[in-house]
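Here is the structure we will look at.
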Amino acid sequence: VQLQASGGGLVQPGGSLILSCAASGDILSINHIGWYRQAPGKQRELVAMMSRADTTNYADSVKDRFTISRDGAKNTVTLQMNNLKAEDTAVYYCNAEIAIAQTVGTIINWYWGQGTQVTVSS
């Protein structure tokens, strides 16, 4: 299983960016998929997560500014980030709980994608 993230970059305060993450591999189902971020000198934190039932969970700091969505058929997740602030600057990581088929049965694991840098600066 691989998670391929894309869409980071440099944006001015108040601007917008879209992050995308595509899961690939021998996937039976994606139970949860979303984004974490890690700023320099800080711990990695949850940004937004979406379940297979389309329930969502957002960090308080991004509510009303970020929107997570997914395409179940394509195993992709998108994070629309609006009204970006300097404190949103971080490396963003895609994260997913994925069920795969193994000879011993179904295995469920959490997977990480490579990070994508988001820098908010004037």
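Fair warning: this is a prediction, and the values are worked out from it, not measured in the lab. Numbering starts at 1 and runs along the sequence shown. All values below were derived from every heavy atom in this structure, side-chain atoms included, with hydrogens, water molecules and symmetry-related copies excluded.
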task = Test the R37-Y93 pair against the cation-pi criterion, namely NZ or CZ under 6.0 angstrom from the six-membered ring centroid and within 45° of the ring axis.
result = no
inquiry  = Between Y58 and V47, does the side-chain contact (heavy atoms from CB on, under 4.5 Å) criterion hold? Intermediate values first, please.
reply    = CA-CA 6 Å; Y58 292 94; V47 177; over 6 Å; no
request  = Please examine the side chains of N31 and I108, heavy atoms only from C-beta on, and report whether any two atoms are closer than 4.5 Å.
outcome  = yes
ask   = What distance do T76 atom OG1 and L3 atom CG have between them, rounded to the nearest 0.5 Å?
value = 11.5 Å
inquiry  = Quick check: do L84 and L17 have side-chain heavy atoms less than 4.5 Å from each other?
reply    = yes
ask   = Is it true that atom CG of D54 has more than 12 heavy atoms of other residues, nucleotides or ligands lying nearer than 6.0 Å?
value = yes
key: Salt-bridge present (D88, K85; N to O < 4.0 Å)   = no
message = Using the rule given for side-chain contact (heavy atoms from CB on, under 4.5 Å), can you reason through R52 versus S29, listing the C-alpha separation, both sets of side-chain angles and the distance that settles it, and then say yes or no?
response = CA-CA 8 Å; R52 189 166 58 168; S29 64; 3.2 Å; yes
inquiry  = Y111: which residues meet the ring pair (Phe, Tyr, Trp, His ring centres under 6.0 Å) condition with it, sequence neighbours left out?
reply    = none
message = Could you see if F66 belongs to whatever hydrophobic cluster contains V11? Use Ile, Leu, Val, Met, Phe, Trp, Tyr and a side-chain cutoff under 4.5 Å.
response = yes
message = Measuring only between side-chain heavy atoms, which start at C-beta, is W35 closer than 4.5 Å to N95?
response = no
remark   = Rounded to the nearest 0.5 Å, the CZ atom of R65 sits from the CD atom of Q80 at a distance of 12.0 Å
query = If you look at every heavy atom in P13 and S122, which pair is closest and at what distance?
reply = CD-N, 3.7 Å
message = Please report the interatomic distance NE2(H32) to CD1(I30), rounded to the nearest 0.5 Å.
response = 12.0 Å
message = If we count only N and O atoms by modelled type, under 3.5 Å, do the side chains of N82 and S16 hold a donor and an acceptor together?
response = yes
query = Between W112 and Y36, is the gap from one ring center to the other below 6.0 Å?
reply = yes
note = d(Q114 CD, S6 OG) to nearest 0.5 Å is 8.0 Å
query = Does some side-chain heavy atom of T78 sit less than 4.5 Å from a side-chain heavy atom of I68?
reply = no
Heavy-atom side-chain proximity of I33 to E97 below 4.5 angstrom = no
key: Verify same cluster id: W110, V91 (apolar side-chain graph, 4.5 Å)   = yes
query = With side chains defined as the heavy atoms from C-beta onward, is the minimum distance between T89 and V118 less than 4.5 Å?
reply = no
ask   = So, does T116 use its side chain to make a donor-acceptor pair with the main chain of G8 at under 3.5 Å?
value = yes
task = Kindly indicate whether the side chain of I98, heavy atoms from C-beta on, has any atom under 4.5 Å from the side chain of I100.
result = yes
Other residues, nucleotides, ligands: >12 heavy atoms within 6.0 Å of Q2 CD = no
ask   = Taking atom CD1 of I107 and atom CG of L28, what is their separation to the nearest 0.5 Å?
value = 10.5 Å
Check: S20 and V77 side chains under 4.5 Å, non-hydrogen atoms = no
remark   = Here the gap from Q102 atom CD to D26 atom CG, rounded to the nearest 0.5 Å, amounts to 8.0 Å
ask   = If Ile, Leu, Val, Met, Phe, Trp and Tyr residues are connected whenever their side-chain heavy atoms lie under 4.5 Å apart, and connections chain through other members, are M81 and M49 in the same group?
value = no
